[in-house]
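Since the structure comes first, as structure tokens, the remarks are kept for the end.
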Amino acid sequence: MAYQFVHIETYSRKPRKVKGTKDQWNSTQQVFEEAQRNPDFSKHVENPRAPLPVLSRGAMAVSDLQALHDRRCSEIRETVTAKPGKTYSRSLRSDAPTLYTEIHSHPMSSKNFLEDRAKHKKEIARWADLVVRDFRKRMPQGVAFAGVIHLDEAHVHMHILAVNAEDSRLDANKLHVGKAAAAEYRGAHDKPQTLSSLPKPALLPKPRKPKKPRPSKNRVTQKKNMAKHEGALAEWQAACAEVEAVNARKLEEWSVDNGRHLHAARKKRSGKNPEKAAFTAAMKAFQDRYYEAVGKPCGLLRKGPGHERLTTKQYAARKAGAKARAEEQLANLRFETKLEEREQALEAQARRVAADENSLKKKEAEVTAREETVSCREKEVEARERSLKERDERAAKREEQLAEREAAIRAREEEIKLAQERAEAFNLGLELIRTDQLRWVPDKKDQPGRLVYGPRGGPERPLPLEMHARLEPAMSLLEILLKIIAAIIEDALRERRREIVRDAEAVAECRRQLGLQESSLIAGISKRGNQDQAFDV
């Protein structure tokens with residue numbers, strides 16, 4: 001094998017039968033486990049070997065990629081619109097393609113490589129590096145991938161497994177150049193008209209299944225009924241088998257006739273399927289690009305001998321020419337690499353010189369700008385200092401004014417508090433006066449005037465200390481008010497005494513004129529020396 005081999009495919013979590021096989025099924029789990037050489041998924045390999053991991057250019061381990069793939073698949077929720085227009089959320093479909101794979105094969109056999117690793121290691125390493133480099137260039141951003149090299153089959157080959165991690169549905173078909181080209185054509189054009197199949201034959205209906213008899217209390221009758229039912233059931237099963245056999249023959253005949261019909265229709269149809277043509281063209285372009293990026297530098301042919309029907313000598317000559325071209329290209333590449341390295345070194349040196357000059361110019365400009373900035377900042381600072389000084393002066397004046405206002409407010413609050421206390425004490429004193437609990441006793445000959453607590457006519461008690469403390473703020477005013485009230489009461493009593501004396505004198509005069517006996521009470525009232533003296537009743 002001296003020609004290039006690369007195969008790309010996509011897989012879903014749901015197992016899919018491999019075309020042309022009887023019992024081979026592929027799924028994402030099968031691909032991951034086979035790449036890691038799990039014994040349960042590597043039975044097709046006679047002597048399995050541990051794979052060589054590819055961890056360059058951002059590749060990860062296959063187990064890590066598998067964990068990422070399974071976790072993302074379980075996390076995805078997609079919104080689906082049903083036919084009535086109602087939307088609902090569901091998990092990702094199990095048959096959705098979520099894993100993209102590439103198989104790259106080298107013409108060197110695994111046996112030759114294992115016999116002399118030191119001799120072939122450099123060649124295989126260069127081929128693997130070109131493969132991974134080309135893969136990274138073709139893939140979009142956000143693709144997570146892993147790679148392994150297998151040495152336990154006929155030829156040395158590499159598996160690359162990738163997950164379109166940036167896509168909301170992990171759509172692997174977007175990474176497949178052929179399927180992506182077909183999808184692009186399908187989105188830009190109308191759906192091509194499909195070939196119509198022959199109408200399916202009318203199938204025979206199955207006979208109705210006999211009903212089970214009702215249970216009977218009589219065992220003999222029950223046994224007869226069950227035996228009869230089992231016989232009817234056996235006849236029904238036989239009839240169903242005959243109907244199914246007839247229907248199967250009809251479907252088989254229809255399948256053969258329909259296949260011939262579709263085959264003839266395809267031949268009559270002008271032109272190829274445009275989607276398939278787009279797929280094929282994209283895959284050919286992919287192989288051509290792969291040949292320029294990987295096959296040609298490695299001395300591999302674009303096509304095998306069977307494609308062009310070459311003889312053994314022609315094919316050997318072509319392989320030798322390809323190998324010579326690869327060696328020549330490798331030598332030219334090395335020479336060009338040296339020249340490029342020298343040119344890159346000179347360019348880097350020129351860039352450093354230019355960068356130094358630009359750096360000096362930038363520094364000069366920065367120094368000038370900084371000087372201007374410092375000058376402006378000095379002016380701003382001076383203006384700021386003047387402004388702050390003026391603000392400090394205004395603030396000091398404002399503080400003085402506030403202090404004066406606060407002192408006035410405090411004095412006013414104290415006055416208000418004292419006024420409130422006097423008002424409360426005065427109201428309390430008025431309430432005591434109204435209830436005749438507080439009064440003033442005028443001066444007497446042997447005792448000065450005093451404040452008395454208690455009702456009139458009762459025992460005189462001194463004002464309690466607690467009450468005195470409550471009345472203290474308005475005590476002077478209350479004393480004045482009580483003195484005035486006492487004087488008013490005393491004047492009224494004095495006038496009332498005078499009236500009583502006058503009335504007593506008038507009564508006494510009337511009694512004398514009438515010749516009545518003189519009353520001692522009236523005589524006592526009339527003979528009082530001081531009219532202000534209280535009556536003794």
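Heavy-atom basis, side chains included; hydrogens, waters and symmetry copies ignored.
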Run the side-chain donor-acceptor check on residues 49-58: report pairs under 3.5 Å with partners two or more places apart or on a different chain.
residue	atom	partner	partner atom	Å
Arg57	NE	Asp129	OD1	3.4
Arg57	NH2	Asp129	OD1	3.2
Arg57	NH2	Asp129	OD2	3.4

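- Contacts of Pro140 classified as side-chain contact (heavy atoms from CB on, under 4.5 Å), with partners at least two apart in sequence or in another chain: Val143, Leu175.
- Every residue two or more places apart in sequence or in another chain was checked for a side chain to side chain donor-acceptor pair (under 3.5 Å) with Asp171, and none qualifies.
- Listed by first and then second residue, the ring pair (Phe, Tyr, Trp, His ring centres under 6.0 Å) pairs that reach into residues 80-104 are His104-Tyr290, sequence neighbours excluded.
- Qualifying side chain to side chain donor-acceptor pair (under 3.5 Å) partners for Asn247, counting only residues two or more places apart in sequence or in other chains: none.
- Classification of Lys179 and Glu9 as a salt-bridged pair holds, one side-chain N sitting under 4.0 Å from a carboxylate O.
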Open item on the list: Apply salt bridge (charged side-chain N to carboxylate O under 4.0 Å, His left out) to residues Arg71 and Glu75 and explain how you reach the verdict.
Closed with: CA-CA 6 Å; Arg71 177 174 57 81; Glu75 292 175 349; 3.5 Å; yes

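- Checking Gln66 against Gln29 by side-chain atom types alone, no donor-acceptor pair falls below 3.5 Å.
- Within the structure, the ring pair (Phe, Tyr, Trp, His ring centres under 6.0 Å) test picks out the following pairs touching residues 16-39 (sequence neighbours left out): Phe32-His69.
- A salt bridge links Lys206 and Glu244; the closest N-O separation between the charged side-chain nitrogens and carboxylate oxygens is under 4.0 Å.
- The nearest pair of heavy atoms linking Ser110 to Val156 is OG-N, 3.5 Å.
- Not counting sequence neighbours, the partners of Ala128 by the side-chain contact (heavy atoms from CB on, under 4.5 Å) test are Ile149, Met158.
- Within the 3.5 Å criterion, the main-chain N or O of Leu99 finds no donor-acceptor partner in the side chain of Thr28.
- Of the N and O atoms on the side chains of Lys86 and Thr81, not one donor lies less than 3.5 Å from an acceptor on the other residue.
- Every residue meeting the side chain to side chain donor-acceptor pair (under 3.5 Å) condition with Arg289, not counting sequence neighbours, appears here in chain and number order: Asp134.
- With hydrogens and angles disregarded, no donor-acceptor distance shorter than 3.5 Å links the side chain of Glu292 to the backbone of Pro297.
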Enumerate donor-acceptor pairs with a distance under 3.5 Å from any side-chain N or O in residues 353-373 to protein atoms, sequence neighbours excluded.
residue	atom	partner	partner atom	Å
Asn358	ND2	Ala354	O	3.1
Thr368	OG1	Glu364	O	3.0
Thr373	OG1	Ala369	O	2.5

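- Without hydrogens or angle criteria, Thr280 side chain to Lys276 main chain gives a donor-acceptor distance under 3.5 Å.
- With sequence neighbours left out, the side-chain contact (heavy atoms from CB on, under 4.5 Å) criterion links Ser91 to Arg77.
- The side chain to side chain donor-acceptor pair (under 3.5 Å) test applied to Asn26 returns no partner, not counting sequence neighbours.
- The residues Lys417 and Glu413 are annotated as not salt-bridged, no charged nitrogen and carboxylate oxygen being separated by less than 4.0 angstrom.
- Counted by atom type alone, Ser12 and Asp95 present zero donor-acceptor pairs between their side chains at under 3.5 Å.
- By the 4.0 Å N-to-carboxylate-O rule, Glu102 lies close enough to Arg138 to be salt-bridged with it.
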Just list the side-chain donor-acceptor pairs under 3.5 Å for residues 220-234, sequence neighbours left out, or say none.
residue	atom	partner	partner atom	Å
Gln222	OE1	Ser216	N	2.7
Asn225	ND2	Thr221	O	3.3
His229	ND1	Lys211	O	3.2

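- In this pair, His157 and His159 present their aromatic rings perpendicular. The plane angle is above 60°, beyond the 30 to 60° band.
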